[in-house]
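Working notes for the structure below.
In what follows, chains are A, B, ... by sequence order, proteins preceding strands, each numbered from 1. From a predicted model like this one, the values you see are computed outputs, not experimental measurements.
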Number of protein chains: 2
Amino acid sequence: MARATIADVAKLAGVSQATVSRALRGVDKVTPATRAKVERAADRLNFTLSKNASSLASGKTMRVILLCSGKLNEWFNANVLQGVYEVLGPEGYDVSPSFIVDKKESERYFAQLPKNRNADAIVISSFQLDETARAELRSTDMPTVGVNIPAASFCDAAIGIDNFDGMFKAVRLLRSLGHTRIAFLGDYIPDDMVYSTSQRTEAFLEAAEENGYDDGDAAVICADEHGVTLSKSDLAAQLVAKLLSLPNMPTAICAETDQVAIAVVKELREQRLRVPEDISVIGFDDADIAQVADLTTIRQDPLELGRNAGRKVLSLLRGTPLNPAYESQEAALVLRGTTVRLPADAR
Amino acid sequence: MARATIADVAKLAGVSQATVSRALRGVDKVTPATRAKVERAADRLNFTLSKNASSLASGKTMRVILLCSGKLNEWFNANVLQGVYEVLGPEGYDVSPSFIVDKKESERYFAQLPKNRNADAIVISSFQLDETARAELRSTDMPTVGVNIPAASFCDAAIGIDNFDGMFKAVRLLRSLGHTRIAFLGDYIPDDMVYSTSQRTEAFLEAAEENGYDDGDAAVICADEHGVTLSKSDLAAQLVAKLLSLPNMPTAICAETDQVAIAVVKELREQRLRVPEDISVIGFDDADIAQVADLTTIRQDPLELGRNAGRKVLSLLRGTPLNPAYESQEAALVLRGTTVRLPADAR
DNA sequence: TTGTACGCGTTATCAT
DNA sequence: ATGATAACGCGTACAA
């Protein structure tokens, strides 16, 4: 059967196309009686408005892009997507997720992006854009909201986790537990795409200094530069090797993420080091796996981040004021079984 | 700056709109020289084709819907999405994910769905549709591909995991390990939305029978009916209580999913039952958490499922033959630390 | 409150 | 190979 158009409905209902349009969208003034007639006709013809045609006529696409810096099946991204969708979906928006993994793709993406009016807004999750990309973005009229992006300047609004707050809490915990030598363990960070994790490294150093740790007592251990992505276990092996060859072996470590923390715990135990008796470990994120691994960690809530981003998109789109345009989510320490007070004999 | 239209490009390049359209899409015959001219003009004007206008004119929306039965941040759904996106994205399609959690929503969704031509295809993941929904779906001209749906009849193509193969492998493993009394543990299954897990229950019973287990030696334990979703630990507590009050306590169990398995293992250990020495546990899915928990499980690969679904969508959309329209993915047993051969003294 | 008529930016058909 | 022009299906001033 050929799809019914608004004209068919108008004819069947005995009104004009304009009236059908108004009745079906429920915005403009239409007599209840007329509306009923129209709805009955639409129902009989199995008709709903075409999003495409509406978009073309109105200039609103009712679509928002979610651009992620990693795959959509990663814990963080999947949660942000769910959050964004939860608030934008019911409002009639489609959200089309997409992701970029390397710099080349990024360039291509942004070179294409701003030219065509294919979305009403864009939310950018977890990565840094270079000047070119920012310029392209700015040249669009699309409202932009950032999620967990270091420099929020090029966004109309942004929401992120407070990595500094988180790392400070982690370091303070370790100090409270009596650990005098601590370390931060992370992957190699290419400088062309800056992630949240690089902030964590910085934050660790600041927190250590502020809490009275000397340079020698707060080490940062990063993986060597590598082209392809290391498996977490290979990464952990490398990090633990570096850790164990330190002049003064730390008694506690903070890892860049839960994934890294868990792999490191495993590797440490394979080396017959007891966690937490010999060494305490703190992760970052509180992803599903953290609970299973009984890992002490810093919680961030990407689902709520996504919802908040969705709300900000809505405000931007509707011109309602966004009470704080820029927000950061407080981090929460989650105490589990991989941290313990340093035994007296070990101090 | 006002957005440039195809007319502006045509004027600047000194050709007709039609030629610009042809040149930019790269499909029809256009002289290389003309194409170059057009591309230069488009570039200068910062122009790309509007997806909306193209869609309206061509009837192709270049959009495919992904409809999931649970939230998008669930392991399975997130992976399917990633897979679908990986193959459809590079072909120029947007994929708009959406999800439905209860029956009411489902009805509303399908009542709206087929009427407007807002997507070129739909992929439906992980749930059963009732007759009404199927009819609505059929009344659309949209190609439909199913992912992990029990009855594939209403789809043009489908791909799923082979739950039967998986459960048979699990049961055979337990038999090989010498377990003579086994059980299946699962949540309460409302009958209005049938999930993959109900298949697993069936499969367990069949596999048990075929492998020589009596009725008394192969128990199925399900949670009591409940309105709200139980937390996994509450569920596990209930299941373990039922398990421990069985006349003949099994020495091995299969759980509906990894999540349930892990919660059950935890509960068992809290009851001072050793896993696997006292009781073996097998999960289902091989999600991230399974590895962390060192859980023996049946692997399914939703990422590959999604990719395959994406390929089928492409075939359907292009009219190329889909070599098998219906496929099922073999399940693979992953041996880890929660299963062990039944000690001789326990037999 | 309702109807008329034009425009949204492209594709597709038919000439040339 | 290229150009003119009619759809595509709806939103929206403006008029009634």
What does B/R22 touch in the nucleic acid at a heavy-atom separation under 4.0 angstrom: a base, only the sugar-phosphate, or nothing?
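Since a base atom lies under 4.0 Å of B/R22, the category is base.
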For A/V15, report the nucleic acid contact type (base, sugar-phosphate, nothing); a contact means any heavy atom under 4.0 Å.
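The residue A/V15 makes sugar-phosphate contact but no base contact.
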Is the shortest side-chain N/O distance from [X] to OP1 or OP2 of [N] below 4.0 Å?
{"X": "A/S54", "N": "D/dG11", "result": "yes"}
{"X": "A/T19", "N": "C/dG3", "result": "yes"}
{"X": "A/S21", "N": "D/dG11", "result": "yes"}

[X] to [Y] - nearest heavy-atom pair and separation:
{"X": "A/E91", "Y": "A/M62", "result": "O-CE, 3.7 Å"}
{"X": "A/A10", "Y": "A/Q17", "result": "CB-N, 3.7 Å"}
{"X": "A/Y85", "Y": "B/P97", "result": "CE1-O, 3.1 Å"}

From the options [options], select the nucleotide whose nearest atom is closest to the side chain of [X].
{"X": "A/S58", "options": "D/dG11, C/dT10, D/dA4", "answer": "D/dG11"}
{"X": "B/A53", "options": "C/dT10, D/dG3, D/dT12", "answer": "C/dT10"}
{"X": "B/A18", "options": "D/dG3, D/dG11, C/dT4", "answer": "D/dG3"}
{"X": "B/F47", "options": "C/dT11, C/dT10, D/dG11", "answer": "C/dT10"}

Would you kindly give the [atom1]-to-[atom2] distance between [X] and [N], to the nearest whole Å?
{"X": "A/M62", "N": "D/dC10", "atom1": "CE", "atom2": "P", "result": "16 Å"}
{"X": "A/Q17", "N": "C/dC8", "atom1": "CD", "atom2": "P", "result": "18 Å"}
{"X": "B/L56", "N": "D/dA6", "atom1": "CG", "atom2": "C1'", "result": "13 Å"}
{"X": "A/L24", "N": "C/dT2", "atom1": "CG", "atom2": "C1'", "result": "16 Å"}
{"X": "A/K60", "N": "D/dC10", "atom1": "NZ", "atom2": "C1'", "result": "15 Å"}
{"X": "B/N52", "N": "C/dT10", "atom1": "CG", "atom2": "P", "result": "10 Å"}
{"X": "B/K29", "N": "D/dG3", "atom1": "NZ", "atom2": "P", "result": "17 Å"}
{"X": "B/I6", "N": "C/dA12", "atom1": "CD1", "atom2": "P", "result": "11 Å"}

Using the rule given for side chain to side chain contact (heavy atoms under 4.5 Å, CB included), can you reason through B/K51 versus A/T61, listing the C-alpha separation, both sets of side-chain angles and the distance that settles it, and then say yes or no?
CA-CA 10 Å; B/K51 221 162 184 168; A/T61 67; over 6 Å; no
I need the residues from residues 30-37 of chain B with at least one non-hydrogen atom less than 4.0 Å from DNA chain C; give them sorted by number, or say none.
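Of all residues in residues 30-37 of chain B, none places a heavy atom under 4.0 Å from DNA chain C.
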Side-chain donor or acceptor of A/E74 paired with backbone N/O of A/K71 under 3.5 Å:
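Yes: the side chain of A/E74 pairs with the backbone of A/K71.
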Would you call A/K104 and A/E107 a salt bridge, taking side-chain N to carboxylate O under 4.0 Å as the test?
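A/E107 and A/K104: not salt-bridged.
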Answer with yes or no whether the side chains of A/S126 and A/N148 bring together a donor and an acceptor at under 3.5 Å.
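A/N148 vs A/S126: no donor-acceptor pair found between side chains.
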Between B/S315 and B/R311, do the side chains contain a donor N or O and an acceptor N or O under 3.5 Å apart?
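Side chains of B/R311 and B/S315: no pair found under 3.5 Å.
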First encountered from the 5' end of DNA chain D, between A/R25 and B/G14:
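Whichever sits nearer the 5' end wins; that is B/G14.
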